[in-house]
Amino acid sequence: MRLSQLFLKTTRDISKDEVSKNAQLLTKGGYVNQLMAGVYSYLPLGYRVLQKIERIICEEMDAMGGQELLLPALHPKENWLATGRWDGLDVLFKLKGAGDRDLALGATHEEVVTPLGMTVLQSYKDFPKAVYQIQTKFRNEARAKSGLLRGREFRMKDMYSFHTSQDDLDAFYERSIEAYVNVYRRCGLGDVTYLTYASGGTFSKYSHEFQTVTDSGEDLIYIVPGKGRVAINKEIIDDPEALASILPNYQPGDEKKLETAKAIEVGNIFKLGTKYSGAFDFEYTDKDGSRKVPVMGCYGLGPSRLMGTVAEVLSDEHGLVWPEEIAPYKVGLMCLRPGDEACKKAADEAYAALQKAGVEVLYDDSEASAGEKFAQMDLLGLPWQAVVGPKSAAEGKIEWKKRATGEKSVLLAGAWPF
RNA sequence: CGGGGCGUAGCGCAGCCUGGUAGCGCGUCUGCUUUGGGAGCAGAAAGUCGAAGGUUCGAAUCCUUUCGCCCCGACCA
């Protein structure tokens, strides 16, 4: 893509009262644009990042046996009355449809996927099954904040699994942890993302959150020593019984010695048991002909929040720093002097060669000054920068810079550092 | 939902206290000069001053109401 053709305008100044780093950088870089509090447009660069994150999530969900589908965002009141959440979920958006009918916008989808599951899963032979979707969720948060981290409209992957036994649910749940770890690793957050024990609700001892450590996080986690990236959230730090089963050789008071860290919740998995299947009288026929209620699990992960977290955690003083798998383009190619024929020719050729090799490249063919191009490309945060100036063009060379490390190398045109 | 701050050109801001019909920077457009870390000069276009009501000869400015944005708190399958 030529920069001159791209729907993009980066900016140097944004409002001084926007303090959230992810919102600052993503707005300055032209990745997103705020429409209202907690609601953002994803511009072409930003949407490419979002789609790459979503593709990674899909691949990992597919790999563990999830099947993608798409549920409605518009729901009838009756489904939410059935679970008690029409009045019980305070962030539920409610609206009136034709004929004055009460409707809700999807804040989560147990109310839709459970009755849907009933229509397909009728015999023990139909189990287990897991379906997932990625779609826009709506939550009427009292206070939207922190850029992409807490919006009223946001992208969410939600998977729901159906099982005939607790053991089967448990096994699937463990596999989902591996899949989630893969997602965070591929998005560049593997080293700072912790599997975090959280309270489990009615049907299990624990649920789990995935927490990415950063000073801008809103949650506080307590890091479990000697277990890799495992932590405990503050909900259960006061529960001695729970602590004893998580911390080896736990003695009362040990929790006070745990190292703490601020973190962003980037995922949440739950064992739902029969909470929703029960609410909808979801029964299947077992081997012996008896009617039984399946157990369910749900597995949430927000791509837009993950994108904001990456912007927050991996950026530096010059701008964004995208990991290669989710960068909007792999290479930012700059022609420093498009007015110089030899320089322009060398850059055009490099652009063509990269494209021919299937490398995603953003080509700054604009008339802007060299300094402006460097600064803008640093802000955009593509993993590799390739510079063609009049001097290097004359020598048949291209200067490369790795954005994350600043490491530079000069290579003959046609040779690439990756 | 409680508290605080702020709404003035596409974006970022000054002007408001002490009323007299609006200015700066960035960006945009034209021309010339520049060209390796957000270039210089000259010129130009662009604003119902968030909205409504009130006070006044006259309101961006004072008063009332209202909407929005940001922050703190509460909340957060």
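Chain identifiers are assigned alphabetically (A, B, ...) following the order of the sequence lines, protein sequences preceding nucleic acid strands; residue numbering begins at 1 within each chain.
- Side-chain contact, A:Asn79 with A:Glu111: no donor N or O sits under 3.5 Å from an acceptor N or O.
- B:G2 is paired with B:C72 under the Watson-Crick or G-U wobble criterion, all donor-acceptor distances under 3.5 Å.
- Within 4.0 Å of A:Ala142, counting heavy atoms only, lies at least one base atom of the nucleic acid.
- In this structure, A:Asp158 reaches neither bases nor backbone, as no heavy-atom distance under 4.0 Å exists between it and the strands shown.
- Under 4.0 angstrom from either OP1 or OP2 of B:C70 there lies at least one side-chain N or O belonging to A:Gln34.
- For the P atom pair drawn from B:A74 and B:C11, the interatomic distance equals 34 Å after rounding to whole Å.
- Within the 4.0 angstrom heavy-atom criterion, base atoms lie near A:Ala375.
- Among the atoms of the strands shown, only primed sugar atoms or phosphate atoms (P, OP1, OP2) are found under 4.0 Å from some heavy atom of A:Leu89.
- The residue A:Gly389 sits close to a base: some heavy atom pair falls under 4.0 Å.
- In the displayed structure, A:Lys330 atom NZ is contacted under 6.0 Å by more than 12 heavy atoms of other residues, nucleotides or ligands.
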Side chain to side chain donor-acceptor pair (under 3.5 Å) between A:Glu312 and A:Thr214, intermediate numbers included: CA-CA 8 Å; A:Glu312 198 80 36; A:Thr214 164; 5.4 Å; no

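- The residue from A:Tyr124, A:Phe127, A:Phe162 that alone fulfils the ring-ring contact (aromatic ring centres under 6.0 Å, His included) condition with A:Tyr284 is A:Phe127.
- When rounded to the nearest whole Å, the span between CD of A:Gln376 and P of B:C26 equals 17 Å.
- Atom name C1', nucleotides B:G40 and B:A52: the rounded distance is 47 Å, in whole Å.
- A:Glu218 has its CD atom 10 Å from the P atom of B:C71, to the nearest Å.
- A:Arg12 places its CZ atom 15 Å from the P atom of B:G37, with the value rounded to the nearest Å.
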Tell me, with the steps shown, if A:Glu235 and A:Ser199 meet side chain to side chain donor-acceptor pair (under 3.5 Å). CA-CA 6 Å; A:Glu235 276 176 343; A:Ser199 63; 3.0 Å; yes

Atom pairs under 3.5 Å, N or O on each side, protein against nucleotides 2-12 of chain B: can you list them with distances?
| residue | atom | partner | partner atom | Å |
| --- | --- | --- | --- | --- |
| B:C11 | O2' | A:Asp13 | O | 3.0 |

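- Residue A:Ser392 is in base contact, counting any heavy-atom pair closer than 4.0 Å across all strands shown.
- Evaluated for a side-chain contact (heavy atoms from CB on, under 4.5 Å) with A:Gln211, the options A:Leu195, A:Ile221, A:Thr193 yield exactly one hit, A:Ile221.
- Side-chain atoms of A:Tyr276 and A:Arg85 include a donor-acceptor pair closer than 3.5 Å.
- The residue A:Glu110 sits close to a base: some heavy atom pair falls under 4.0 Å.
- One interatomic measurement links the two molecules: CG of A:Leu8 to C1' of B:G27, which rounds to 13 Å at whole-angstrom precision.
- The CZ-P distance, from A:Phe374 to B:U35, rounds to 15 Å in whole Å.
- Proximity note for A:Lys275 (side chain, C-beta onward) versus B:C76, B:G36, B:A77: the nearest is B:A77.
- In this structure the side chain of A:Asn140 reaches within 4.5 angstrom of the side chain of A:Arg152, judged on heavy atoms.
- A:His208 places its NE2 atom 16 Å from the P atom of B:A77, with the value rounded to the nearest Å.
- Distance A:Met296 CE to B:A77 C1': 12 Å, rounded to the nearest Å.
- Using a cut-off of 4.0 Å between Lys/Arg side-chain N and Asp/Glu carboxylate O, A:Asp158 and A:Lys137 are scored as salt-bridged.
- For A:Arg150, the listed nucleotide lying nearest its side chain is B:C75; candidates were B:C75, B:G36, B:C71.
- Rounded to whole Å, the C1' atom of B:G15 lies 27 Å from the corresponding atom of B:C29.
- Side chain of A:Arg139, nearest nucleotide from B:A77, B:U28, B:A74: B:A77.
- The distance between atom OH of A:Tyr40 and atom P of B:C69, rounded to the nearest whole Å, is 11 Å.
- Between the side chain of A:Glu399 and the base of B:G36 there is at least one donor-acceptor pair of N/O atoms closer than 3.5 Å.
- With C1' as the reference atom, B:G50 and B:C67 are 8 Å apart, rounded to whole Å.
- In the set B:G36, B:C71, B:U35, B:U35 carries the atom at the smallest distance from any side-chain atom of A:Arg337.
- The gap from the C1' atom of B:C16 to that of B:C6 amounts to 14 Å, rounded to the nearest Å.
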